[in-house]
2 protein chains.
Amino acid sequence: MRIGELAERAGTTARTLRYYESRGLLPARRAVNGYRTYDESDLRLLRQIRTLQDFGFDLEETRPFVECLRAGHPAGDSCPASLAVYRRKLAELDGLIDQLQSVRAQVGAQLAQAEAARADVMRATAPPPRCELTVPTAQDITEQDPMNEGERT
Amino acid sequence: MRIGELAERAGTTARTLRYYESRGLLPARRAVNGYRTYDESDLRLLRQIRTLQDFGFDLEETRPFVECLRAGHPAGDSCPASLAVYRRKLAELDGLIDQLQSVRAQVGAQLAQAEAARADVMRATAPPPRCELTVPTAQDITEQDPMNEGERT
DNA sequence: GTAATCCTTGACGCCGACGTCAAGGCAAGG
DNA sequence: CCTTGCCTTGACGTCGGCGTCAAGGATTAC
């Protein structure tokens, strides 16, 4: 299998595979003509990398998983180093989530306060508004229609 | 007030202020010698920017707040455009938090599964372990010490 | 006078994970 | 032979928010 096919089967691009190779993450055998050659096990490595990347792992963080697979283990996370990365990532995620929730709360409070302040200003600036629209509707006209007065009286 | 002092009072650097000016966010008056000159109102603008930046707002997202203050409003979020940014940010944060929580759950599940798998392998590979440590401790030795047998008996 | 400390503009560096372009090689079909 | 489509390496571009250095002018301290 050549680079284009592997890329397509993994849902990525040839450029990405060359990049991984340049980082020493996914080395390739070479055909006589110099073309990169891959097999099914490379596809498994690549899928492992892509999955973790989708989770937001840095490339470097995927390395233990890849090496674990290449060492012959059944899964990329069968090795202690991979588990350590999982744990670090969980802690990182927890911290990030806490932080974002804190920011969310503060921004939400700011918004609420600013909206309240604007409502105050509106009340102070504009004349006390009625509950009806200022533009008369067909309904308004109907109510003012002398033809209906007889019914009300 | 010159750039260094303003930067220090806002807890940032002169480089940052020049950058903001280059983005048209915080223009400066100039003294005769060409030095940038700022006043207290600039400090307020800058603090508004920094606060939002700390919340994770992009620089561009702070622009409505700054313009609002410069327009003479009491607060940066007194204007509709600022409120719109708040709302967009809240939606963005909610989406991001959901995403991170989803990732966290998946990574957590992976870790649990991998740990369970490793425990299985350990049981299959190593001989059934005892509950005690294999390396004798001072405690172990003491218990085997003939000197103490009299006391136990 | 001169050293130290400010200030100025300009320009390159950084980070991560690639995208994109350039110039050229190799294989296969018509 | 020529085109088409894959492949190769090399190198620069992207994005945001600055950091950092260079070369030189202004001000202040002594």
Side-chain angles (χ1 to χ4, degrees), chain A residues 1-39 42-43 45-66 85 88-89 92-93 96 103, chain B residues 1-39 42-43 45-66 85 88-89 92-93 96 103:
Chain A
M1 181 171 23
R2 293 180 306 184
I3 196 171
E5 187 183 347
L6 177 59
E8 195 186 345
R9 289 182 62 185
T12 181
T13 69
R15 176 69 180 94
T16 296
L17 302 196
R18 293 197 197 97
Y19 177 65
Y20 291 168
E21 183 175 2
S22 79
R23 308 273 79 199
L25 209 58
L26 191 66
R29 274 116 314 204
R30 297 299 181 119
V32 236
N33 55 14
Y35 286 12
R36 288 174 179 81
T37 308
Y38 303 91
D39 57 21
D42 291 314
L43 179 58
L45 299 188
L46 181 50
R47 286 195 167 134
Q48 173 74 79
I49 298 172
R50 291 267 95 198
T51 299
L52 295 175
Q53 287 266 90
D54 290 345
F55 281 166
F57 284 52
D58 295 344
L59 254 195
E60 276 311 309
E61 291 177 325
T62 73
R63 197 179 293 274
F65 295 81
V66 174
V85 173
R88 282 199 300 108
K89 208 66 189 180
E92 189 184 317
L93 283 168
L96 196 49
V103 168
Chain B
M1 179 171 24
R2 293 180 306 183
I3 196 169
E5 186 183 346
L6 177 59
E8 195 186 344
R9 289 182 62 184
T12 181
T13 69
R15 176 70 182 90
T16 297
L17 302 196
R18 292 196 197 98
Y19 177 64
Y20 291 169
E21 183 176 2
S22 79
R23 308 271 78 199
L25 210 57
L26 192 65
R29 273 118 311 205
R30 295 302 181 116
V32 238
N33 56 12
Y35 286 12
R36 289 174 178 81
T37 308
Y38 303 91
D39 57 23
D42 290 314
L43 179 57
L45 298 188
L46 182 50
R47 284 195 168 135
Q48 173 75 77
I49 297 172
R50 292 266 97 199
T51 299
L52 296 174
Q53 286 267 91
D54 290 345
F55 281 165
F57 284 52
D58 295 344
L59 254 195
E60 277 310 308
E61 293 177 323
T62 72
R63 196 179 293 275
F65 295 81
V66 175
V85 173
R88 282 199 301 109
K89 207 66 188 182
E92 188 184 317
L93 283 168
L96 195 51
V103 168

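Treat the numbers as computed from the prediction; the structure is a model and nothing was measured. Each chain gets a letter, A, B and so on, in the order its sequence line appears, and its residues count up from 1.
- Look at B:Thr16 and you'll find a side-chain N or O under 4.0 angstrom from OP1 or OP2 of D:dG19.
- Between A:Glu5 atom CD and D:dC6 atom C1' there is a gap of 12 Å when expressed in whole angstrom units.
- Residue B:Arg2 is classed as a sugar-phosphate contact, given heavy-atom separations below 4.0 Å to backbone atoms only.
- Using a 3.5 Å distance cut-off with no hydrogens or angles, the side chains of A:Tyr20 and A:Arg50 do pair a donor with an acceptor.
- Atom CG of A:Leu6 and atom C1' of D:dT8 are 17 Å apart (whole Å).
- One interatomic measurement links the two molecules: CD of A:Glu60 to P of C:dC18, which rounds to 13 Å at whole-angstrom precision.
- The side chain of A:Arg18 places no N or O atom within less than 4.0 Å of a non-bridging phosphate oxygen (OP1 or OP2) of C:dT20.
- Nucleic acid contact class of B:Arg23 (heavy atoms, under 4.0 Å, all strands): none.
- Proximity of a side-chain donor or acceptor of B:Thr16 to a complementary backbone N or O of B:Thr12 within less than 3.5 Å is not detected.
- Taking atom CG of B:Leu17 as the reference point, atom P of C:dT9 lies 13 Å away to the nearest angstrom.
- If you measure from atom CE of B:Met1 to atom C1' of C:dC7, you get 16 Å, rounded to the nearest angstrom.
- Within the structure, a side-chain polar atom (N or O) of A:Thr13 is placed less than 4.0 Å from OP1 or OP2 of C:dG19.
- Note on A:Arg63 versus A:Glu60: salt bridge recorded, some NZ/NE/NH1/NH2 to OD/OE distance being below 4.0 Å.
- If you take CD of B:Glu21 and P of D:dG17, they are 17 Å apart, rounded to a whole angstrom.
- Atoms CG (A:Asp58) and C1' (C:dC15) sit 11 Å apart, rounded to a whole Å.
- At the phosphate of D:dC7, neither OP1 nor OP2 sits under 4.0 Å from any side-chain N or O atom of A:Asn33.
- Taking the centre and axis of the six-membered ring of A:Phe57, the NZ or CZ atom of A:Lys89 falls inside the cone set by 45° and 6.0 Å.
- OP1 and OP2 of D:dG13 both lie 4.0 Å or more from every side-chain N or O belonging to A:Arg15.
- Residue B:Tyr19 places none of its side-chain N or O atoms closer than 4.0 Å to OP1 or OP2 of D:dG19.
- Counting to the nearest Å, the C1' atom of D:dC18 and the CG atom of B:Leu46 are 14 Å from each other.
- A:Arg50 has a side-chain polar atom (N or O) that falls below the 4.0 Å cut-off from OP1 or OP2 of C:dC18.
- DNA chain C is contacted by both A:Thr12 and A:Tyr35; A:Thr12 maps to the nucleotide lying nearer its 5′ end (nearest heavy atom per residue).
- Between A:Arg36 and A:Glu21 a salt bridge is recorded (basic side-chain N to carboxylate O distance below 4.0 Å).
- Remark: B:Gln53 is in phosphate contact with D:dC18, judged by side-chain N or O atoms under 4.0 Å from OP1 or OP2.
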